[in-house]
Amino acid sequence: MGKQLTYQTKILSRFILHRDRVRIPIWIFSLTLMTVVTATSFSGLYQNDAERQVMAETMKNPAMTAMVGLGYGLDNYTTGAMMAHQMLLFTAIAMAIMSILFVTRHTRADEEEGRLELLRSLPVGRLTNLMSTVSILCGLHIIIAILIGLSLFSLQEESMNVQGSLLYGAALGSIGIFFTAITSIFAQLSDHSRGTIGLSLAVLGLSYIIRAIGDVSNEMISWLSPLGWILRTEVYVTNNWWPVLLTVGFSCVLFCLAFYLNATRDIGSGLLPSKPGRKQASTLLTNPLGLAFRLQRTSVLSWALGMFVLGASYGSVFGDLDSFFATNEMMSQLFPPIEGLSLTEQFLTMLMSVIAMICTVPPLIILLKLSSEEKKERIEHLFSRAVSRGSVLGSYILLSFVFGFVMLFLALLGLWGASSVVMEEPISFSLMLQALMIYLPAMWFMIGLGVFTIGIRPKLTSLTWMYLGYSFIVVYLGGMLQFPEWLSLLSPYGYIPQLPVEEMNVLNVVLLTFLSIAFMILGFLSYKRRDLIG
């Protein structure tokens, strides 16, 4: 019976490998290269124990704990301990995103577009598609884990021994396998790919927030998050393997559940009940703007809640951060006093850049939904009616602008509200407002770039996501790894003045705004002239 359910798994696996013959090498190369380059940078930047201990002091503050995880090995902050502490969590998130996108592409997305129904008409098992997808992705994670482990050990860094290097790779592989299992379950529950990705990313975001709260306040809370589990490996310090075994073991349970759900449900449907539509369309759906919003209403509301919670989670550590700066003499020396600004207010600027880049994700999702609709050949039906291309594209642009501001404002409210409760002398709302809203031109630039790629060719929209990822790396990690300044200047976020520490640079802000408008105009004109893909 089991062989019948997974009949022809090998053949379908080869077909999936052929479909992703470009994507898979890119993921392997990118993740391995990013890890090796970062490790090499850490090794070159801090030449002695004294310099590393200065960095260790900055890692002890609650804000950094919430961001990168609970510190370990801080009393002897070797290059290996520094690498694992500061990079393991973010690389694990990248592995999780890869799993979510890969599983959704080959399960729910194929089913939604009718490819799986065609496949099932052939002599294949009921579980063959899911088994092939899971097998390839688990194998991919094992390969990446081994490559990263061997690459780190090959650097011949004294503090990066073979056991710790292999554990570093194994921790990444285990979290990738975990989110492969999670996404496999949501692919059975949701009846469309958008819901599968949304639910899986929600679990990833919730895991990050729960871990951040637990690492700062109560370590027991971190045990509710899989991201908290892998940080307990304490790579290059104590080298605990049991969190990896725990993660893989729990993933096996989730895989069994996913296969059971896949075997019991009807093809083309999800196990979560779909809300029946109205008999007559509402007034909202009689224009392109209303339709664009309705298609993404659930996603927008989910992201709005997530941005508020994100801001509140960072704001909740400001009370501990204030007392940390007051009692830590070394941190007082690292941050030279600025008249009228506390150390906490100076440290706030780094958080603002991170929050701004995360808040850029929702407006890009809203905008690039138009490209997704075109690829799935749904937009042709809309244009067959008395609807212009300009009104449709303009609707998506308007929504991305409006909700880009909304996301920033909600994150600001969460940050200010939580910090006001925990701090003896709260940071003023106006100061936080200036420090965060100054990133609007950078967000507009990313939106303009998205419009330009839609106008030129929808398949180029992935470049927008790659550019945002690059911006996060050079802006966030650039300070710690001391990247050359020109790397950050290749990102729009690198031109934003860090208020209130830096002075306002009107020229940069105006230039970014002008370039955003130029990109949007070029994309708008190109979209009206080019042929639809199909």
Side-chain angles (χ1 to χ4, degrees), residues 23 26-27 30-31 33-34 37-38 67 87 89-98 100-101 197-198 200-201 204-205 208 296 299-300 302-304 306-307 310 350-372 396-397 399-401 403-408 411 436-479 481 483 486-496 498 508 512-513 515-516 519-520 523:
R23 284 184 173 86
I26 288 176
W27 275 109
S30 300
L31 290 169
L33 180 65
M34 180 181 68
V37 169
T38 305
M67 191 172 296
M87 287 303 300
L89 178 62
F90 288 110
T91 311
I93 291 174
M95 293 280 281
I97 293 174
M98 179 187 72
I100 292 170
L101 297 178
I197 293 176
S200 302
L201 289 177
L204 178 59
Y208 181 85
Q296 305 182 80
S299 174
V300 168
S302 300
W303 275 104
M307 292 303 99
L310 176 70
M350 186 189 70
L351 289 180
M352 290 306 190
S353 62
V354 174
I355 291 175
M357 283 184 279
I358 296 176
C359 287
T360 304
V361 174
L364 285 182
I365 290 177
I366 293 172
L367 175 67
L368 299 181
K369 174 66 175 176
L370 177 60
S371 175
S372 174
Y396 280 87
I397 295 174
L399 285 176
S400 61
F401 266 86
F403 285 106
F405 173 81
V406 169
M407 298 302 166
L408 281 175
L436 188 56
M437 291 302 169
I438 191 62
Y439 284 93
L440 275 173
M443 179 183 288
W444 295 339
F445 182 90
M446 296 302 302
I447 294 173
L449 182 62
V451 175
F452 180 72
T453 56
I454 290 175
I456 298 298
R457 192 179 182 189
K459 291 183 179 181
L460 297 178
T461 53
S462 58
L463 295 177
T464 308
W465 292 116
M466 294 173 63
Y467 190 48
L468 181 61
Y470 168 83
S471 298
F472 183 85
I473 292 173
V474 298
V475 173
Y476 170 68
L477 297 179
L481 302 181
F483 287 167
W486 63 268
L487 286 177
S488 63
L489 294 180
L490 295 177
S491 165
Y493 298 90
Y495 288 90
I496 299 298
Q498 295 185 346
N508 285 355
L512 281 176
T513 305
L515 289 176
S516 305
F519 271 127
M520 279 184 277

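Start at 1 with the first residue, then count along the sequence.
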J.: Cut-off 3.5 Å, no hydrogens considered: what does the side-chain donor-acceptor table look like for residues 443-451, sequence neighbours left out?
T.:
none

J.: Rounded to the nearest 0.5 Å, how far apart are CD1 of I496 and CG of L436?
T.: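 Output value for this atom pair is 11.0 Å.
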
J.: With the side chain counted from C-beta on, respond yes when Y493 and F472 share a heavy-atom pair under 4.5 Å apart, and no when they do not.
T.: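 No. Closest side-chain heavy atoms not under 4.5 Å.
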
J.: Do you know which two heavy atoms are closest between C359 and A411, and how far apart they sit?
T.: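 That closest heavy-atom pairing would be SG-CB, 3.9 Å.
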
J.: Can you find a heavy atom in the side chain of L364 that is under 4.5 Å from one in the side chain of T464?
T.: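 Counting from C-beta outward, L364 and T464 do come under 4.5 Å.
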
J.: Which atom names give the shortest non-hydrogen contact between M98 and L31, and what distance separates them?
T.: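 Taking M98 first and L31 second, the nearest heavy atoms are SD-CD1, 4.2 Å.
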
J.: Can you tell if the side chain of M34 reaches within under 4.5 Å of the side chain of T38, non-hydrogen atoms only?
T.: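 They are in side-chain contact.
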
J.: According to salt bridge (Lys or Arg N to Asp or Glu O under 4.0 Å), who are the partners of R23, at least two apart in sequence or on a separate chain?
T.: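 Partners of R23 under the salt bridge (Lys or Arg N to Asp or Glu O under 4.0 Å) test: D20.
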
J.: Just how far is it from atom CG of L512 to atom OH of Y439, taken to the nearest 0.5 Å?
T.: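 Going from the CG atom of L512 to the OH atom of Y439 covers 11.5 Å.
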
J.: Kindly compute the distance separating OG1 (T461) from CD1 (I456), expressed to the nearest 0.5 Å.
T.: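 T461 atom OG1 to I456 atom CD1 measures 12.5 Å (nearest 0.5 Å).
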
J.: S471: which residues meet the side chain to side chain donor-acceptor pair (under 3.5 Å) condition with it, sequence neighbours left out?
T.: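 S471 satisfies side chain to side chain donor-acceptor pair (under 3.5 Å) with S491 only.
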
J.: Taking all heavy atoms of S371 and all of P458, pick out the closest pair and write down the distance.
T.: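 Shortest heavy-atom separation between S371 and P458 comes out as OG-CB, 3.3 Å.
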
J.: Rounded at 0.5 Å granularity, tell me how far CZ in F405 sits from OG in S400.
T.: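 Answer rounded to 0.5 Å: 14.5 Å.
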
J.: So do the side chains of I365 and W465 get within less than 4.5 Å of each other, counting heavy atoms only?
T.: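 Counting from C-beta outward, I365 and W465 do come under 4.5 Å.
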
J.: Using 0.5 Å steps for rounding, measure from the CE atom of M352 to the CE atom of M357.
T.: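 Here the rounded value is 13.0 Å.
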
J.: Any chance you could measure Q296, atom CD, to L367, atom CG, to the nearest 0.5 Å?
T.: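 The CG atom of L367 is 9.0 Å from CD of Q296, to the nearest 0.5 Å.
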
J.: Measuring only between side-chain heavy atoms, which start at C-beta, is I366 closer than 4.5 Å to W303?
T.: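 Counting from C-beta outward, I366 and W303 never come under 4.5 Å.
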
J.: Do you know which two heavy atoms are closest between S488 and V474, and how far apart they sit?
T.: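 Closest heavy-atom pair between S488 and V474: CA-CG2, 4.1 Å.
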
J.: Taking all non-hydrogen atoms of both residues into account, name the closest pair between Y470 and L487 and its distance.
T.: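 In terms of heavy atoms, the two residues are closest at OH-O, 2.8 Å.
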
J.: Of all the heavy-atom pairs spanning L489 and Y495, show the shortest one and how long it is.
T.: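 Taking every non-hydrogen atom into account, O-CE1, 2.7 Å.
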
